[in-house]
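Structure first, commentary second.
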Amino acid sequence: MATPNSSADPASMAAARSSSKTAPPTPLRDGFHLVPSHPINYDLNLTNTFQDITYHISTSDHCARIAFNRPHVLHAFRPTTINEIRHALDQAQDDTRVSVILLTSNIVPERTPAFCAGGDQTVRSSDGGYDDGSEAVPRLRVLDLQIQMRRCPKPIVAVVRGYAIGGGHILHMCADLTLAGEDAVFGQVGPRMGSVDAGYGSVHLARMVGQKKAREIWFLCRYYSAQEALQMGLINAVFKNDELEGEVGRWVRRMCMLSPTALAVAKAAINADQDGSAGISLMGGHITRLFYMSDEAKEGREAYLEGRAPEFRKIPQSKL
Ligand SMILES: CC(C)(COP(=O)(O)OP(=O)(O)OC[C@H]1O[C@@H](n2cnc3c(N)ncnc32)[C@H](O)[C@@H]1OP(=O)(O)O)[C@@H](O)C(=O)NCCC(=O)NCCSC(=O)CCC(=O)c1ccccc1C(=O)O
């Protein structure tokens, strides 16, 4: 029996092994149904000086939770919001207590549920970006956040309740996985109000849902239910609203049990297909970091520091 508040879950991983040599094949051998599905307990509040987001960590479930915290505008983002998320994401990426990162929103009873209603139109500048007075020049900082999410080696999960619209919709798409409550609503609105994302918001969308559907989403600016989003491959799963947090816990705990390096490499490989030289460069960086840990690379460094020729032949063969 797994201990509550712990991601240690030998039962679900052990399900892959059986003493029987004749057991019938079944998908249940992945053990996923055995992973505990209680909500994650966040024991560290690192919100600190953040204004527009909250930032928590669960040390038992090895998970960071970054949440939009502007419910009065359905979590529409301004530059401050985006820069705070970038800062929190940096922290989570380098925090060895964290294996999985959630991007979500704080749902409050007095406001319509929303993940994020996109860029805050009250601070949209006529000078090519968004300007809330926190930066010298108006920028589209959200584009930097999208790239940061793609390059982060840890899995990022968007947990969506309510509206995920415009730039908010694109952020859930840039997450590695999206888990939604049954009240989630997805859509692009740029062409209704003089905006467009010609980057991931278009290209990545088309890869996910197909060319025709991506054009429909942008050309008609319709909204889609969580079930419709699931059918078109835009999200991974839909749960009843009151079961969502527990199921998020289950998905997080399963990822925490798996090899973090394997997950990082899988993420980099899937993204490299779309991210061109930048994607290959990230994969190359992963390889170089692993290579630096080898005796062969260490010999090169030691020889340089000792002012001698490297003796690579004493390490018999390449790792490849
Ligand atoms: C989502 C709605 C349909 C929900 O409608 P409803 O439930 O009736 O709620 P409202 O009463 O409309 O909203 C409550 C409250 O929130 C305020 N609000 C909502 N959205 C925004 C917003 N985006 N900006 C500012 N304020 C917002 C609303 O005014 C209300 O305030 P009150 O004071 O209570 O009146 C509906 O809310 C809706 O349609 N919202 C607008 C959606 C929208 O237009 N979003 C912007 C899309 S464009 C974008 O996101 C671009 C972002 C970007 O930076 C970018 C630019 C270029 C390239 C790429 C990107 C990128 O993001 O990648």
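These numbers come from the heavy atoms of this one structure, side chains and all, not from hydrogens, waters or symmetry mates. FYI, the numbering just counts along the sequence from 1. Keep in mind the model is a prediction, meaning the values are calculated, not measured. Each ligand, and each atom within it, is numbered from 1 in the order the structure gives.
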Between [X] and ligand 1, find which residue part has any heavy-atom pair under 4.0 Å and reply side chain, backbone, both or neither.
X      : result
Ile170 : side chain
Ala117 : both
Met193 : side chain
Val142 : side chain
Phe77  : side chain

Strictly under 4.0 Å, does any heavy atom of [X] approach an atom of ligand 1?
X      : result
His72  : yes
Gln146 : yes
Ser195 : yes
Val196 : yes

Worksheet item: Between Gln148 and Arg86, is there a donor-acceptor pair closer than 3.5 Å when you use the side chain of the first and the backbone of the second?
Response: yes
Practice prompt. Using modelled atom types only, decide if a donor and an acceptor are shared between the side chain of Asp131 and the backbone of Val123 within a distance under 3.5 Å.
Written response: no
Can [X] and [Y] be counted as an ion pair, charged N to O under 4.0 angstrom?
X      : Y      : answer
Arg207 : Asp273 : yes
Arg97  : Asp95  : yes
Glu299 : Arg308 : yes

Fill in: Step-by-step side-chain contact (heavy atoms from CB on, under 4.5 Å) determination, Glu84 to Ile66
CA-CA 10 Å; Glu84 288 182 359; Ile66 302 170; over 6 Å; no
Worksheet item: Which of the atoms in ligand 1, numbered in the order shown and given with their element, are less than 4.0 Å from a heavy-atom of Gly167?
Response: 49 (C), 50 (O), 62 (O)
Among all the protein's heavy atoms, is there at least one whose distance to [atom] comes out below 4.0 Å?
atom                    : answer
atom 17 (C) of ligand 1 : yes
atom 38 (C) of ligand 1 : no
atom 35 (O) of ligand 1 : no
atom 32 (P) of ligand 1 : no
atom 29 (O) of ligand 1 : no

Discussion item. Could you tell me if Arg111 and His75 have a donor-acceptor pair between their side chains, going purely by distance under 3.5 Å?
Written reply: no
Worksheet entry | Option of least heavy-atom distance to atom 47 (C) of ligand 1 (set: Leu143, Ile82, Val189, Thr122) | Val189
Practice prompt. Please state whether the rings of Trp251 and Phe32 are parallel, tilted or perpendicular, taking 30° and 60° as the class boundaries.
Written response: perpendicular
Residue, atom name and distance, where the atom is the protein heavy atom closest to [atom]:
atom                    : value
atom 27 (C) of ligand 1 : Val73 O, 3.9 Å
atom 25 (C) of ligand 1 : Asp120 OD1, 3.3 Å
atom 12 (O) of ligand 1 : Leu74 CD1, 4.9 Å

Item to complete: May I have the step-by-step check of ring pair (Phe, Tyr, Trp, His ring centres under 6.0 Å) for Phe186 and His172, ending in yes or no?
Response: CA-CA 10 Å; Phe186 300 86; His172 104 77; 5.0 Å; yes
Item to complete: Would you indicate whether the side-chain heavy atoms of Val142 and Tyr130 approach each other to under 4.5 Å?
Response: no
